[in-house]
Amino acid sequence: MDDARAAILAAIRVIPRGQVRGYGEVARLAGLPGRARLVARILSENDDAALPWHRVLRSDGRIAFPARSKGYVEQSRRLKAEGVTVESGRVRGARAVRSEDEALWGPK
DNA sequence: CGAGTGACCCTAT
DNA sequence: AATAGGGCCACTC
């Protein structure tokens, strides 16, 4: 297992229950700025059921899967299960993040 | 080496 | 708010 993969998985495991992060944000927190696509790829290959992969969303707070796809349904289900409100594929309260030190979800 | 692909991101319309 | 166009990274053929 390479370092990048380990760093990314670690960053995801740290996301608190009931909160969400963006792909680019996770990459940044893992010390790999600009590797959002790598995060997505790692997740697509992940098989660990204990990993809170459902807490990772696109930078605009929307679920990355196509609406109504298997993954989409499962992700919104798992989010709602821990108290996160999801409506029309978007997490309520999440805001687009652009700069380095902003968070997709966090203290307002 | 080049072209295509994707659980992405940003800026400009 | 929704689209379009580029940019990016890693991988496959």
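Lettering follows sequence order; numbering is per chain, from 1.
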- request: Hey, could you give me the OH/CG distance between Y23(A) and L43(A), rounded to the nearest 0.5 Å?
  value: 6.0 Å
- request: Check K80(A) against V86(A) and note the closest heavy-atom contact, atom names and distance.
  value: CE-O, 3.8 Å
- line: To the nearest angstrom, the NZ-P distance between K70(A) and dA7(B) comes to 16 Å
task: Round to the nearest Å and state the distance from Y72(A) atom OH to dG6(B) atom P.
output: 20 Å
- request: To the nearest Å, give me how far apart CD1 (I63(A)) and C1' (dC8(B)) are.
  value: 16 Å
message: Just verifying a value: how many Å separate L79(A) CG and E74(A) CD, rounded to the nearest 0.5 Å?
response: 10.0 Å
- prompt: dC9(B) P sits how many Å from R21(A) CZ, rounded?
  reply: 14 Å
query: What about R35(A): does its side chain form a donor-acceptor pair under 3.5 Å with the base of dC9(C)?
result: no
Nearest to side-chain heavy atoms of L38(A), which nucleotide of dA7(B), dA10(C), dC9(B): dA10(C)
- prompt: What does V26(A) touch in the nucleic acid at a heavy-atom separation under 4.0 angstrom: a base, only the sugar-phosphate, or nothing?
  reply: nothing
query: Roughly how far, to the nearest 0.5 Å, is the CG atom of L29(A) from the CD1 atom of I8(A)?
result: 11.0 Å
statement: The correct set of residues in residues 40-54 of chain A placing a heavy atom under 4.0 Å from DNA chain C is R41(A)
field: For atom CD1 of I12(A) and atom P of dA7(B), their distance in whole Å
entry: 15 Å
message: Can you identify which nucleotide, out of dG6(B), dA10(C), dA7(B), has its nearest atom closest to the Y23(A) side chain?
response: dA7(B)
statement: Between CD of E102(A) and P of dC9(B) the distance, given in whole Å, is 14 Å
message: For the P atoms, the ones on dA7(B) and on dG6(C), what distance do you get once it is rounded to whole angstrom?
response: 22 Å
field: For atom CZ of R5(A) and atom C1' of dC11(C), their distance in whole Å
entry: 14 Å
- prompt: To the nearest 0.5 Å, what is the distance between CH2 (W53(A)) and CD (Q75(A))?
  reply: 5.0 Å
message: Once rounded to the nearest 0.5 Å, what's the spacing between atom CD1 of I12(A) and atom CG of N46(A)?
response: 7.5 Å
- prompt: R37(A) has an atom CZ; how far is it from atom P of dA10(C), in whole Å?
  reply: 11 Å
query: Just checking G71(A): base, sugar-phosphate only, or nothing, at a heavy-atom cut-off of under 4.0 Å?
result: nothing
message: Applying side-chain hydrogen bond (donor to acceptor under 3.5 Å, both in side chains), can you list everything that pairs with R55(A), at least two apart in sequence or on another chain?
response: E82(A)
